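As structure tokens, the structure follows; a few thoughts come after it.
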Amino acid sequence: QLQFAESGGELVQPGESLNLSCKASGFTLDPYAIAWFRQAPGKEREEVACISKSGGFTNYQDPVKGRFTISRDNAKSTVYLQMIDLKPEDTAIYYCAAYSICGPPVSAFDYWGQGTQVTISS
């Protein structure tokens with residue numbers, strides 16, 4: 001089965017940090033740009049960050065710029081999301097998915113996993 005497995009989510013307090021991982025199963029990462037998404041209760045799934053096939057290009061949505069860092073290790077078939085200075089509004093289920101390039105709408109991405117829950121609360 002071709003999909004990602006996300007991990008690393010947990011309950012932390014505002015201002016703390018988390019590192020999420022996203023490991024590919026059944027395929028290699030090399031041909032794909034990879035994006036992290038999140039979906040909060042009652043809201044649509046939104047892209048958070050994207051990294052190109054080579055890792056040379058990254059893009060972040062405004063709410064997370066300067067706080068989140070996306071990276072990839074193709075040899076380990078894994079993409080990472082480092083998150084610092086977390087805020088209650090970052091609370092969501094976080095997913096990763098693949099496409100040929102960064103930039104298309106959410107619906108274009110593929111190989112969705114089950115997600116990992118991130119909760120920011122004091």
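Remember, it's a predicted structure, so these values are computed and weren't measured experimentally. Below, all heavy atoms of this structure are taken into account, side chains as well, without hydrogens, waters or symmetry copies.
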Problem set entry | Spacing of Phe68 atom CZ and Ile84 atom CD1 [to the nearest 0.5 Å] |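 Phe68 atom CZ to Ile84 atom CD1 measures 9.5 Å (nearest 0.5 Å).
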For this session: Report the distance from atom OG1 of Thr116 to atom CH2 of Trp36, rounding to the nearest 0.5 Å.
Result: 7.5 Å
Could you list the residues that satisfy side chain to side chain contact (heavy atoms under 4.5 Å, CB included) with [X], not counting sequence neighbours?
X: Lys23; value: Ser77, Thr78
X: Gln114; value: none
X: Thr28; value: Asp30, Pro31
X: Ala35; value: Phe37, Glu47, Cys50, Phe109

For this session: May I have the step-by-step check of side-chain contact (heavy atoms from CB on, under 4.5 Å) for Asn19 and Tyr80, ending in yes or no?
Result: CA-CA 7 Å; Asn19 295 317; Tyr80 304 97; over 6 Å; no
Exercise. Do any pairs count as a side chain to side chain donor-acceptor pair (under 3.5 Å) and have a residue in residues 96-107, sequence neighbours left out, and if so which ones?
Worked result: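 Residue pairs with at least one partner in residues 96-107: there are none.
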For this session: Name all pairs fulfilling the disulfide (SG to SG under 2.5 Å) condition that reach into residues 10-40, sequence neighbours left out, sorted by first residue then second.
Result: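 Counting only pairs at least two positions apart or across chains, the disulfide (SG to SG under 2.5 Å) contacts touching residues 10-40 are Cys22-Cys96.
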Problem set entry | disulfide (SG to SG under 2.5 Å) partners of residues 53-94, not counting sequence neighbours, each pair once | none
Seminar exercise, completed: Sorted by chain and number, sequence neighbours left out, side-chain hydrogen bond (donor to acceptor under 3.5 Å, both in side chains) with Gln82 holds for none
For this session: Under the side-chain hydrogen bond (donor to acceptor under 3.5 Å, both in side chains) rule, collect the residues that match up with Gln117, sequence neighbours excluded.
Result: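 Residues passing side-chain hydrogen bond (donor to acceptor under 3.5 Å, both in side chains) with Gln117: Thr119.
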For this session: Please step through side-chain contact (heavy atoms from CB on, under 4.5 Å) for the pair Val106 and Trp112, ending with a clear verdict.
Result: CA-CA 11 Å; Val106 175; Trp112 297 92; 3.9 Å; yes
Exercise. Is the backbone of Tyr95 close enough, under 3.5 Å, to the side chain of Arg45 for a donor and an acceptor to pair up by distance?
Worked result: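 Pair absent, no side-chain N/O of Arg45 close to backbone of Tyr95.
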For this session: Specify the closest pair of heavy atoms between Ile51 and Gly55, including all atoms of both residues, with the distance to one decimal.
Result: CG1-CA, 3.7 Å
Problem set entry | For Ala98 against Ile34, the heavy-atom pair lying closest together |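 The answer is CB-CD1, 3.6 Å.
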Seminar exercise, completed: Residues pairing under ring pair (Phe, Tyr, Trp, His ring centres under 6.0 Å) where one sits in residues 1-25, two or more places apart or in two chains, turn out to be Phe4-Phe27
Please set out all donor-acceptor pairs under 3.5 angstrom arising from side-chain atoms of residues 59-66, sequence neighbours excluded.
residue : atom : partner : partner atom : Å
Tyr60   : OH   : Ile70   : N            : 2.9
Asp62   : OD1  : Lys65   : NZ           : 3.1

Using a 3.5 Å cut-off and no angle test, enumerate the donor-acceptor pairs between side-chain atoms of residues 85-94 and protein atoms at least two apart in sequence or in another chain.
residue : atom : partner : partner atom : Å
Asp90   : OD1  : Arg38   : NH1          : 2.9
Asp90   : OD1  : Arg67   : NH2          : 3.0
Asp90   : OD2  : Arg67   : NH1          : 2.7
Asp90   : OD2  : Arg67   : NH2          : 3.4
Asp90   : OD2  : Lys87   : N            : 2.8
Thr91   : OG1  : Pro88   : O            : 2.9
Thr91   : OG1  : Ile120  : N            : 2.9
Tyr94   : OH   : Arg38   : NH1          : 3.0
Tyr94   : OH   : Asp90   : O            : 2.7

For this session: Report yes if some heavy atom in the side chain of Met83 is under 4.5 Å from a heavy atom in the side chain of Leu20; otherwise report no.
Result: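 Contact flag for Met83/Leu20 side chains = yes.
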